[in-house]
Structures are given as C-alpha cells and as structure tokens.
Amino acid sequence: MSSKNRKRTASSSSSAEEPDSEEESRIKDLRERDEFANRLKQRDEERTRKVVEATGGRKAIEEATKRLKLEHEDRDKIVPHLRVQSRRQYLEKRKDDKVAELEADILDDEYLFEESVLTKREREERQYKKQLLNIAKEHEKARELERIQRYHMPQDLKKGERSEYVEVDDFEKQPNSEQKKWEAEQLASARFQFGAKDAKAEEEYELLLDDQIDFIQALTLDGSREKAAKETELTEKERKRMTLEETRRSLPVYPFKEDLIAAVREHQVLIIEGETGSGKTTQVPQYLVEAGFTADKKMIGCTQPRRVAAMSVAARVAEEMGVKLGNEVGYSIRFEDCTSDRTILKYMTDGTLHREFLSEPDLASYSVMIIDEAHERTLHTDILFGLVKDIARFRPELKLLISSATLDAEKFSAFFDDAPIFRIPGRRYPVDIFYTKAPEADYIDACCVSVLQIHATQPLGDILVFLTGQDEIETCQEVLQDRVKRLGSKIRELIVVPVYANLPSDMQAKIFEPTPPNARKVILATNIAETSLTIDNIIYVIDPGFAKQNNFNSRTGMESLMVVPISKASANQRAGRAGRTAPGKCFRLYTAWAYKHELEENTVPEICRINLGNAVLMLKALGINDLIHFDFLDPPPHETLVLALEQLYALGALNHHGELTKLGRRMAEFPVDPMMGKMLLASEKYKCSEEMVTIAAMLSVNSAIFYRPKDKIIHADTARKNFNHMHGDHLSLLQVYNQWAETDYSTQWCYENFIQYRSMKRARDVREQLVGLMQRVEIDMVSCLPETINVRKAATAGYFYHVARLSKGGNYKTIKHNQTVMIHPNSSLFEELPRWVLYHELVFTSKEFMRQVIEIESKWLLEVAPHYYKAKELEDSTNKKMPKGAGRAEMTQ
DNA sequence: GAGCACTGC
C-alpha cells in the first residue's frame, strides 16, 4: 500500500512546475513513516529470533527481566520474605500430605475391618483418628474463611494491631493463578448441591405477604434436556472417575467430529451454531489439530471476548491434550503472553488478535482462525469480521470458523457470502417463563415482592435478580433484609448477596459460597451475571427488563450512561441462566405484550454505540483507507466515523489526503484513544514522558480509583481532598500514583487513603505496558518534576479538542461546539472555576459534566495546535484564575 | 453538589 502511494505521489509532485513545500513535506513524512514501520518490524523479528534461541518463549524472557530488576531493586527486603514463604509452602504441603494420609488410613481401616471385629482399643484409635481428621478439616475451613476478609478500614483496627486484610490479589502472584482461582471457584460451585435436594418435604407456609404480583406463564424456553433425562445424568463423583477421554466423548459435539472435520475441509468459512455446554470451544480446535490442520507449522487461533475464558479454556485443553500450558497449547492476552515457538493452538482475546494484525496483517502464521462467541458482538469481533473476510479472499487456504449462539447464525452466514451453518446441540434444561399481568410502576419494589413471593411459595432453589447498577442493588438489598427481619421466623432463612464489577473481589466470591440447607440465596446482580459470571444452581431468575447502556453521541462528542429496556436476545440470555443445572423459572416484570412489541430483537452492537477513534486509527494503520465502505456486519453511524476521521486529522495522524502520517503510525502503537496517544507522543517534546505515562495509565482506570464505602463517605472524601492538586485532576492522579509508588506499591497505604488497590494495580500494569511502547516508538523516559507546566502542555497537545471557557453565569462553554457544560463536582477544580479548562471526557448523567479537568492557558492552544485554533477565537482571555466568588461579578462586565 | 453497566487492547 505504502509503496504504491509513494509512487503515485512522487509522480504527481514531479509534474508540478514549482516545488510544492506542503507536498514535499507530506512525501517526506510518508517516507519517514514507512522507515519507522520497517524499524518496528525489524526489531520485532530480532526479538522473536532471540526468544526462539532462548527456547523459553517471550514470557520467560519477560519474567527473567522482571526478576532481575526486582532482585536489583530490593533484594534485601525480599529474601527473608521469600524464606518465610517457602517455609510456609513446605509446611502447607506437608500438612496436606498428612491429612490425606490420615484420611486414606481411616478409609482403608474401615474397608478392611467391620466395626464389630475390632477390639475396644482399636475402636478408640479409629475414633481418635476420625476426630483428628475432623479437627484438621475444620481448621482448614476456618482458615479459608479468614483468608478472605471483608474490606476493613484502618480505623476499625485497634492501635498496634496489624491489619488482617488480605487482598485476594496476593494469591495471584504465582503464574496463572488468576485462572487457577477461577477454576477452583468453578469447581467448587459445581460441587455445591442444588438446595432442593437437601430439603425435606416442602413445608406449608401460611404467610400473607403485603402485596403480591400476578404472574402468568406464557411459554417455556425449550431445553435440550428434559426432566426425565436426569436419571441418566452422572453424579459429580462418577464424573470425576471418568477419564478425560471419556468426558470428551460425552460432550454433545463428539458425535459430529467427523462431519465437522469434513465440513471444514470442504468450506473455507463455516458458521458453527452451538449453545453453551456443547463443548465446541474446547473440542473443535483439538479435532482440527488431530485432522492435521497444524501439520505445516501453522497455528490454530481461537478468540474469546474475555480474558478469563481465554486462559481457562487454554488450560483445560492443554490438560486434555496432555501438554504443558504454554507449549503446544497456549494463550495470549494483554499483559500476559503464554505461548512459545512450539504453540500450535492459541487461545486469545479478540482485542489481542486485533492488535496482532498490526504486525501480521495477513495472519500468515495461522491455518485456522476461530472467532468464538461471535453473537456477543464486541467491538473487536465486529472489526475482526471485516478483516478476516477480506483476508480469506486472498488466502484461500485459510479456514475461518465463526461460532455463535442460535439466533444470529443466519446473519453471519449471509455476511460471509452464505457460508454453511453447522449446528451442534447444547445442554440446557427447560425454563418456564412468566410475565406480569400488568406493568409494574416501581420495579425495585416489584423485585423485592417477587423475591419474597418466590421464597414463600416456591420450592427451594437460588434466585438471581438482574438490576441496573450498584445503587439499585444496595437499595434492594436493604429493603429485602429489612422485610426479612420483620417477617422473622415466619419464613426460612434468606441470604442476600450483591455482585457487580466494582465490588471488591473477595465480596464477589460470596456468590459462589454454598447455600446452607433449608435456606435460599438471592443474588442481586448487574449485567455481569448475564455473560461474564456463571453461577450454578440458579433456579429462579427475576428480570425487570432494564440495563445501563453506554451511548456515544458523535454530534456532541458526549457519552451517556442511561437505563434502557433490554433486547429480546438479552431477555432470553437472562432466562437461560435459570436452566443450567435443573429446570428453572424466569419471572419477567413486564407484560408479554411489552416483550413482544416493545423490546428490540437484538441489543445494538457496541460498534454502533461508542467512540471509534482508536478503532479507526488501527484500521488506517492496517492500510484500510476507505473506511466509509469498510465491510461492517453492522455499519456504525456515519457521523461517528466522520468525527473519528476529523479528530485524527486535527491531531495530525492523517494528512490532508487522508493518509496515515508518521505521527499517526506511532499513535497506533498505543492501545489508547488517539488523543491520549498524541498526548503521550507530545511528552517527548515537553520532556515529561514519565509523568504522562503515569497520567495516561491512571486516566484509563480512573472510574474506580477512589473507594467510597457508604458508611465512611466523609472519611473517604477527606482522604481524597488530600490529593487535590491546584491545577487539576490529572495532576492529582499523578500525585496519587507517585505517592503509592513511594510506599513500594503498598496495599496498606491504599486502604488508609480510601484508594482501590485493584485499580492501582491495574494502573501499574497499564503503565508498564505503556513504558514498553514508549521505547518501541523511540521515546526516552524522562521526568520534569517538580515543574508541572510541561505536563499540562503535553496534555493540551493531545486534548486541544477538549477545551472549555468560563462564560457568564459560571458555566463553561466548549470552544468548538459552544455547548454548556459543567465541571464535575468530584473535580479538584470544582470550586476554583479557572478561565480555561481542558477536560478528559464529557459525560451526560444528570447534567453535562466534564470529568477530569485541568487548568490551561489559552496561548498554549496556539502553541500546540496552531492549525486548529485561530488567535481570534481565543481573544479576551485574561488567563488568570478568578478569585473565588469574584468570578461571576467580573464576568458580568 | 454528584453517583460509574460491562468488556477489551
């Protein structure tokens, strides 16, 4: 692509009579861009070669580098700690061995000798052993509980007492442990008995609830398993005894193995329609390996929308194939590449594959690419569709498998030139669906009533309630707990557990705890339970029919998070959550008529709802110049694309021919919004790369840095104010990070300052990645502290699009759209009201708010973006911060 | 004086 451009442009400029300086600089830039891209490619190749020589894979090298660095930095601190750690691990292992030994001993003993043949002493000894085992087990259980503590605020502790809070992340330091934990959870939850099994015969409750909701059953979501099939079902114990091979054979996909391989051989693109539980994600790639699709050293790739899925599926498949994870079977996700030169089966997140396109635009190292969970329609899968469809045209030997749930298969087939659909049955129980007779005005209240109604009248079994956000969940939790308290012993125990993404992970783990016999668990969840979290043993689902959805308005450049009715697809997905382990019931808090006539068929895909700045830049970097005619499964709004292109042009990532510039090529290396990418690159000129990288990392996790527990709001706000910087929030965030880094990334410090450790850890990961990328785009890391003017100038160089000026009445108006906006009350500048501000984002909640604001001087705008701002636009600026209270008076003049 | 659904690079 680039060479063609160069030729064309070279000839056009030579035909010009006089030297056109603009044209010349464009050509020079294009040349420099291609030289830069070549350097990148060369460096990547050298790096790969080195890795292959070292045989350990990239991961090993990274690990080794990290370890060396660590050792160098604080060897003295770490060694004693490591010693304790290893001693502890040894003791732990020894204890486990001993307990297992004891248990086996008792079992043997009981098997060999009946109680009656034993002497008194032998009987006593057996009794003693059993007691010992019990104590050991109880002890272990208690320790498990201790290990996962609630969020303790420091002031809860007495003086001198050490905090016992253990961040769950501490256990994630071993390689792959996040996935191990996930698996353990999954396994544990699978073992929990379905509540009703333990229950005695249903007791009659004569209980009158305040109000009741009338439900009518409308239809049953068909399951592929019937109640009767349960007899043939394997108990957990039996399943454990089954070998891996037997388990594989028992999966619904197994009988289709040969047909599937034949179909893949015959067709280049195949749509696989299969429900969850069919085993397609783990089995299909293995079948293809067996069928020889990786014979010529090429890989089979499989994308997943979520990190945990990519990791755990890879681990499972490695086990089934009897290889070590990271060798023949590996996974690749952000911050973690667990593959080697031996890898033939690679699981990855869709975003990772999207990035891989930058260094390998033809997917040359793959013979098969599987896009799994395509129906979820994430931004990345949607873009991948267009890209792989294009590649398939000039690489006829590349096989594509698109795997999706039932409803969308036809649509995918049509998109991929009527590719054949291969259907695989799943495993699911039927779910009865109930609708309300009349619409419910207050759905929170209706939820609570329904929960109690189910609790009082229905057989035991856990309830899952879908709510829109933290706020609703907390309200609902209070109401339920209050009503349960008032009903007292008239009803059985009801355990209420909340779950949403921002909840600390130890509290999230509570949803996997077993429900005690004769009690019922109610899980109040956001959409997180719709796809991301799978909770077993749910029998009842309550679905009010709403969700929060992010929408981007490209006309105003504003994001809004609003409560909207869900789609039919989403409603059915929610209902399906009731039928995973047994037949279930789903109560919809809307009428059957509303379902039929008011709900959309499908949720609007993400690509149509968000800012596409980064996506467009990536596509440009891949040489796709005509974005308006890019083959989208669902094309995003025209204005969104135009806005993205416009911004890229203003930022200098595209030249006036719409071609990618060197600056744009460098920006594309960063997995951030183009404005932020520009800001990072501008830090080179302003000699503050250290600061900008930190700020970028903090901004990208920002929403969840400050922790505000409901009962300690005042403390939390005071703690937050201590970080406030007079020039704005970017600098406050910088202070937070730097102070944290000074404490050696202490967890304790986070709790003392009401800062979420999890978010900070993530910011650290992001920062590390960005530092690596800065080196990649040939920028040295330097710091400008304690001076911070350059920090704000570099931010302005990226975000000059996001500037507002104080106007009459204390409101701000955006410079380009003249739109009235306000500083968000959480900002450190909320009461300061500087004349000119720059904002990181514009969000519409109750009003139009600028979130993350810094004070700037208008003359900087002319310095960093002379092509975008005219001096006239910026007139009448005093550039002085107005004295508090006097601001308005001065403005009226 | 507000309030952040969920992912991912």
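Chain A is the first sequence line, chain B the second, and so forth, proteins listed ahead of strands; every chain is numbered from 1.
Look at NE2 on A/H354: it is 12 Å from P on B/dC9, rounded to the nearest Å. If you take NZ of A/K721 and C1' of B/dA2, they are 12 Å apart, rounded to a whole angstrom. In this structure, A/R307 atom CZ and B/dT7 atom P are separated by 11 Å, rounded to whole Å. Here B/dC6 presents its P atom at 19 Å from CD of A/E373, a figure rounded to the nearest Å. Atom CD in A/Q508 sits roughly 8 Å away from atom P in B/dT7 (whole-Å rounding). Rounded to a whole Å, the CG atom of A/L617 is 22 Å from the P atom of B/dG8. Counting to the nearest Å, the C1' atom of B/dT7 and the CD atom of A/E606 are 7 Å from each other. One atom, NZ of A/K847, and another, P of B/dC4, lie 13 Å apart when rounded to the nearest Å.
Two residues, A/N527 and A/R762, neighbour DNA chain B, and the one matched to the more 5' nucleotide by heavy-atom proximity is A/N527.
In this structure, A/A501 reaches the sugar-phosphate backbone alone: every heavy-atom distance under 4.0 Å involves primed, P, OP1 or OP2 atoms, never a base. Within 4.0 Å of A/L379, counting heavy atoms only, lies no atom of the nucleic acid at all. Nucleic acid contact for A/F849: sugar-phosphate only, since backbone atoms but no base atoms lie under 4.0 Å from a heavy atom of the residue. If you check every strand for non-hydrogen atoms under 4.0 Å, A/T468 touches sugar and phosphate atoms only. At a threshold of 4.0 angstrom between heavy atoms, the contacts of A/N826 include nucleobase atoms, whether or not backbone atoms are also involved. Residue A/R306 is classed as a sugar-phosphate contact, given heavy-atom separations below 4.0 Å to backbone atoms only. Residue A/Q470 is in sugar-phosphate contact alone, with no base atom involved, counting any heavy-atom pair closer than 4.0 Å across all strands shown. Residue-level contact check: A/I528 touches the backbone only, with heavy atoms under 4.0 Å from sugar-phosphate atoms and none from bases.
A distance below 6.0 Å separates the ring centres of A/F412 and A/F385.
Counting only heavy atoms from C-beta on, A/P825 has its side chain closest to B/dA2 among B/dA5, B/dG8, B/dA2. You'll find that the side chain of A/Y500 is closest to B/dC6, out of B/dC6, B/dG8, B/dG1. Considering only side-chain atoms of A/I333, the nucleotide from B/dA5, B/dC9, B/dG1 that sits closest is B/dC9.
Remark: A/T820 pairs with A/N811, A/K813 by the side chain to side chain contact (heavy atoms under 4.5 Å, CB included) rule, at least two apart or across chains. Partners of A/S689 under the side chain to side chain donor-acceptor pair (under 3.5 Å) rule, at least two apart in sequence or in another chain, do not exist in this structure.
The side chain of A/T378 contributes no N or O atom lying less than 4.0 Å from OP1 or OP2 of B/dT7. Between A/K548 and B/dC4 there is no side-chain polar atom (N or O) within less than 4.0 angstrom of OP1 or OP2. Distances shown here put every side-chain N or O of A/T349 at or beyond 4.0 Å from the OP1 or OP2 atom of B/dT7.
More than 12 heavy atoms of other shown residues, nucleotides or ligands fall within 6.0 angstrom of atom CD in A/E360.
A side-chain contact (heavy atoms from CB on, under 4.5 Å) with A/L654 is found for exactly one of A/L660, A/L663, A/V616, A/L617, namely A/L660.
Residue A/I695 holds its CD1 atom at 10.5 Å from CG of A/D729, rounded to the nearest 0.5 Å.
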